[in-house]
Each structure stands twice: as structure tokens, then as C-alpha cells.
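A short worksheet on the structure shown next.
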Amino acid sequence: MSKLGTLGARLHRGEIGYDFVKNRKIWYGLSILITILAIAGLAVRGLNMGIEFQGGAVFNTPKNTSVSVSQAEEYAEEASGHDAIVQKLGDGSLRIQVAGIDTGAANEIKSTLADDLKIDSEQINAELVGPSWGEQIANKAWQGLGIFLVLVVIYLAIAFEWRMAVAAFVALIHDITITVGIYALVGFEVTPGTVIGLLTILGYSLYDTVVVFDSLKEQTKDLTKQTRWTYSDVANRSINSTLVRSINTTVVALLPVAGLLFIGGGVLGAGMLNDISLSLFVGLAAGAYSSIFIATPLVADLKEREPAMKALRKRVLAKRAQSAAQGETEVHDAEAYADEPDDDAAPAVVGPRNQPASRGRGRGRPSGKRR
């Protein structure tokens with residue numbers, strides 16, 4: 001078995017583990033800091049909304065256009081007075097996007113571009129996108145997101161309990177905020193592909209959270225009938241038992257997305273891949289983080305407020321204190337016995353390893369036969 005497999009088995013059996021729940025304030029503070037940075041990015045820079053959301057025009061040039069991307073971008077910005085996005089397609093044609101213009105301005109920009117690019121204006125295909133259509137797309141996206149979150153909360157409240165539903169909801173909002181904030185900081189264009197990516201990462205994040213919650217639900221059955229573990233102890237063990245599985249799932253999902261983002265979009269220049277790949281990459285990483293460091297510790301916090309769990313914690317801590325006191329008493333008794341003088345100076349009786357020697361038998365007598 002590999003080292004990672006052995007580690008996962010030991011984590012699952014509870015032989016080793018990291019106390020995620022105990023250090024929850026560190027994770028809460030880190031998440032709050034990242035969220036504040038994301039909100040600041042949204043407030044200062046805002047989102048770079050694509051043409052589908054704010055309206056504009058898309059101009060497609062003929063195949064094998066000899067003008068470079070940077071030169072075409074300069075021509076488009078001079079002709080329109082707006083920022084332009086230019087992409088070179090596989091057949092050598094150019095795709096020029098100019099946002100925030102109407103139909104009349106689009107015709108003038110088309111003629112100017114034809115003159116600058118030295119091609120016939122009839123060879124340039126212009127597609128107009130109205131701002132009302134983009135607004136409708138945005139509203140539908142928000143409606144879909146809202147319905148998704150409501151259904152998730154209802155499902156988790158029925159399948160598990162309302163505290164787990166609240167924790168999962170907080171984790172999802174955490175993932176969305178971080179992903180959208182990074183979009184604002186990086187400045188990538190927000191397109192319908194971005195919305196698809198956001199909805200996809202919510203599914204992945206919810207999957208990781210539900211896996212931990214299912215393990216937690218199984219291990220907390222009849223929890224109040226014992227006095228060995230608190231709810232936080234069991235919650236921490238649930239995280240550790242599914243930790244390797246969550247990491248493996250996330251890494252396997254991130255590898256192809258990283259290929260799209262860094263190789264496809266970065267090295268090969270396929271900028272159209274950036275809108276969906278960035279949302280998937282950031283969202284998958286944030287979802288794995290929130291399911292481990294946010295959702296389950298938050299459930300433990302909420303459950304520990306229940307009267308039954310408070311009483312259980314008192315009993316567990318009292319039993320642990322009693323066991324520790326008994327252990328110290330045994331140690332002190334052994335030390336006191338070792339310090340007692342022996343009148344006959346009899347040699348010590350050494351028993352087997354890890355077993356106490358007999359105190360009564362042979363005490364005060366030398367070994368061997370009595371004279």
C-alpha cells in the first residue's frame with residue numbers, strides 16, 4: 001500500500017489526526033480576511049462584464065487577416081472610443097468585441113475598421129447584442145442561483161438537520177464571494193461561461209460538504225449515551241476520516257481545469273477559456289477548503305450550544321478529569337512505596353515488563369529458602 005493510502009487508512013481509523021475543530025478560530029479569521037479582500041476588490045475595481053451582459057457589437061473579420069491582435073485592438077478603440085477585446089481564431093480571422101455601443105455606432109465602427117484593416121466592409125460580419133438581452137441573462141442567472149441555494153438548504157435540512165443546512169449555506173456563500181472577488185481583482189471578463197462555472201463549483205463544494213456531513217451523521221448516532229467523546233471530537237474525526245478522499249477528489253478535478261487555465265488560456269492564448277476555467281479553478285479550491293475548515297467546524301459550534309451536548313461535554317470532561325486524577329494517584333502511590341525503607345534490605349522484585357510487581361508477596365524476606 002502507498003504511503004498516502006496508509007495515511008488515509010490511519011486517518012479513517014482515528015489512529016492519527018489533526019484537530020481542525022479546536023483551531024477553528026484560525027480558519028474563521030483566515031476566511032474573513034480573504035472575504036474582506038474579495039469584497040474590497042468588488043467595491044474598488046468591480047466586475048468586467050462581458051458583452052453579453054452590457055450590450056455591444058462583435059465584428060468578425062475574414063480568414064487569414066494579416067493585421068496583428070494588438071494593432072486591431074488599437075484600431076477598434078480609436079474607432080469606437082471604448083475598450084475593445086480582440087481574439088485571433090484558429091483560421092486566422094479576428095473577433096473584435098466592443099461593449100456599450102448602439103446600432104448606429106456599430107455601422108460607423110464597421111466602416112472605419114474596414115478602412116483601417118484594408119478590407120471590404122462587406123467582409124466584416126457584425127453581430128449586435130442589446131443591453132436588455134444582457135440584463136435578462138443576468139437576472140436569470142441570479143434567479144437560478146437563488147433557487148439553487150434555497151433547494152440546497154431545504155434538502156440538507158431534511159436529509160440531515162437545520163444546523164448542517166446553515167453551515168453548508170455559509171460555505172457556499174463563502175465560495176461564491178471569494179470566486180467573484182478574484183474575478184474582480186484579476187479583471188477577467190465575466191461571460192455566460194463564468195456563470196456556468198460558478199454553478200458547477202457550487203455542486204462540487206456541496207458534494208465535499210455532504211460527504212463529511214454523512215460521516216458525521218453516522219458517527220453521532222446515540223452519542224449522548226456514552227461519556228468518551230464530545231460532539232466536537234466526533235466532528236473532528238469525521239473530517240480526518242474523509243480528508244484524503246476530499247484531497248484526492250479536488251486534485252483530480254483541478255488538474256484538467258489547471259490545464260485549461262494556464263496552458264490553454266495562458267500559454268496558447270485561447271482567452272475564451274479563461275472565463276470558465278478561472279471560476280472552476282478558484283471555486284474548486286475554495287470549495288474543498290470550506291468543506292474542511294468552515295462547514296464542519298461551524299456545525300460543531302452550533303451543536304455544542306444544545307443543552308444535551310452541553311451536558312455531554314460536562315460528563316466527558318468530568319470523566320477525563322477523574323481518569324487523569326486516578327492516574328496521578330497511582331503514580332504517587334508507586335513513588336511513595338518505592339521510597340519506603342526496607343528493614344531487611346531485600347532486593348526488589350522485578351516483574352514482567354509493563355506489569356506491576358507484587359507488593360505483598362516476599363516483602364521483607366530475602367530471596368531463596370527460609371533459614
Side-chain angles (χ1 to χ4, degrees), residues 1-32 34 156 159-161 163-172 174-175 178 201 203-255 283-306 308-310 312-313 315-317 319-320 323-324:
M1 183 181 292
S2 64
K3 292 183 178 180
L4 186 60
T6 304
L7 176 63
R10 296 182 66 191
L11 285 169
H12 184 76
R13 292 193 298 265
E15 297 175 2
I16 59 173
Y18 180 78
D19 201 342
F20 293 96
V21 177
K22 180 181 179 181
N23 299 313
R24 61 190 179 277
K25 292 183 179 179
I26 298 176
W27 320 131
Y28 293 166
L30 182 60
S31 294
I32 291 173
I34 296 175
L156 291 178
F160 297 98
E161 60 171 301
R163 293 169 188 82
M164 292 185 176
V166 170
F169 179 79
V170 171
L172 291 176
H174 167 274
D175 299 341
I178 291 177
I201 64 168
Y204 275 101
S205 175
L206 186 63
Y207 169 77
D208 286 338
T209 303
V210 168
V211 167
V212 182
F213 283 179
D214 186 63
S215 174
L216 181 58
K217 181 181 178 182
E218 284 293 323
Q219 296 189 47
T220 52
K221 289 181 179 179
D222 301 326
L223 183 64
T224 56
K225 296 181 181 179
Q226 52 84 47
T227 57
R228 187 179 181 185
W229 309 108
T230 65
Y231 191 93
S232 295
D233 294 333
V234 179
N236 191 69
R237 181 168 181 174
S238 297
I239 299 175
N240 281 281
S241 64
T242 58
L243 182 62
V244 173
R245 177 180 179 181
S246 298
I247 293 175
N248 287 338
T249 303
T250 303
V251 170
V252 169
L254 281 177
L255 287 176
L284 288 173
Y289 171 84
S290 64
S291 64
I292 296 172
F293 296 95
I294 302 299
T296 308
L298 183 57
V299 170
D301 267 342
L302 295 174
K303 288 291 291 184
E304 292 286 3
R305 299 174 186 270
E306 292 183 357
M309 295 304 164
K310 287 183 178 179
L312 173 63
R313 171 172 282 273
R315 295 197 304 270
V316 171
L317 295 180
K319 184 176 180 180
R320 290 177 183 175
S323 300

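The basis for the numbers below is simple: all heavy atoms, side chains too, and nothing from hydrogens, waters or symmetry mates.
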Worksheet item: For T249 and Y204, does a side-chain donor sit closer than 3.5 Å to a side-chain acceptor?
Response: no
Worksheet item: Is there a donor in the side chain of D175 and an acceptor in the side chain of S205, or the other way round, less than 3.5 Å apart?
Response: yes
Discussion item. Would the distance check show the side chain of R315 and the main-chain N or O of T224 forming a donor-acceptor pair, the cut-off being under 3.5 Å?
Written reply: yes
Practice prompt. Calculate, to the nearest 0.5 Å, the distance between atoms CD and CG belonging to Q219 and D214 respectively.
Written response: 10.0 Å
Worksheet item: Just by distance, do the side chain of D19 and the backbone of K22 share a donor-acceptor pair under 3.5 Å?
Response: yes
Worksheet item: Does E304 come within less than 4.0 Å of K310, counting only side-chain N to carboxylate O?
Response: no
Item to complete: Would you give the length of the straight line joining atom NZ of K303 to atom OG1 of T230, rounded to the nearest 0.5 angstrom?
Response: 12.5 Å
Item to complete: Start with the C-alpha distance between L284 and Y289, add both sets of side-chain angles, then the distance that settles side chain to side chain contact (heavy atoms under 4.5 Å, CB included), and finish with yes or no.
Response: CA-CA 9 Å; L284 288 173; Y289 171 84; over 6 Å; no
Worksheet entry | Check: Y28 and P297 side chains under 4.5 Å, non-hydrogen atoms | yes
Discussion item. If you define the side chain from C-beta out and look only at heavy atoms, does anything of L298 sit under 4.5 Å from V170?
Written reply: yes
Discussion item. I want to check something: taking the side chain as every heavy atom from C-beta on, are T209 and L156 in contact at a cut-off of under 4.5 Å?
Written reply: no
Worksheet entry | Side chain E218, main chain S215, donor-acceptor under 3.5 Å | no
Discussion item. Once rounded to the nearest 0.5 Å, what's the spacing between atom CZ of R313 and atom OG1 of T227?
Written reply: 14.0 Å
Worksheet entry | Stepwise side chain to side chain contact (heavy atoms under 4.5 Å, CB included) check, T250 with D208 | CA-CA 9 Å; T250 303; D208 286 338; 3.9 Å; yes
Worksheet item: How long is the span from the CG atom in L30 to the CG atom in N23, to the nearest 0.5 Å?
Response: 12.5 Å
Worksheet, complete the sentence: Partner of S232 under side-chain contact (heavy atoms from CB on, under 4.5 Å), picked from V299, V21, D301, is V21
Discussion item. For a 4.5 angstrom cut-off between non-hydrogen side-chain atoms, does F213 reach S238?
Written reply: no
Worksheet item: Between T296 and F20, is any pair of side-chain heavy atoms under 4.5 Å apart?
Response: no
Worksheet item: Can we say K217 and E161 salt-bridge, meaning some charged N sits less than 4.0 Å from an Asp/Glu carboxylate O?
Response: no
Worksheet item: Between Q226 and R228, is there a donor-acceptor pair closer than 3.5 Å when you use the side chain of the first and the backbone of the second?
Response: yes
Discussion item. Determine whether a donor-acceptor pair (N or O, by modelled atom type, separation under 3.5 Å) exists between the side chain of T220 and the backbone of L223.
Written reply: no
Worksheet item: Strictly by modelled atom types, are N236 and Y231 linked by a side-chain donor-acceptor pair under 3.5 Å?
Response: no
Worksheet entry | Spacing of OG belonging to S291 relative to CG belonging to L206, to within rounding of 0.5 Å | 10.0 Å
Worksheet item: Quick one: does W229's side chain get under 4.5 Å of L312's, heavy atoms only?
Response: no
Discussion item. With side chain to side chain contact (heavy atoms under 4.5 Å, CB included) as the criterion, how do V210 and F160 come out once you've worked through the C-alpha distance, each side chain's angles and the decisive distance to 0.1 Å?
Written reply: CA-CA 9 Å; V210 168; F160 297 98; 4.0 Å; yes
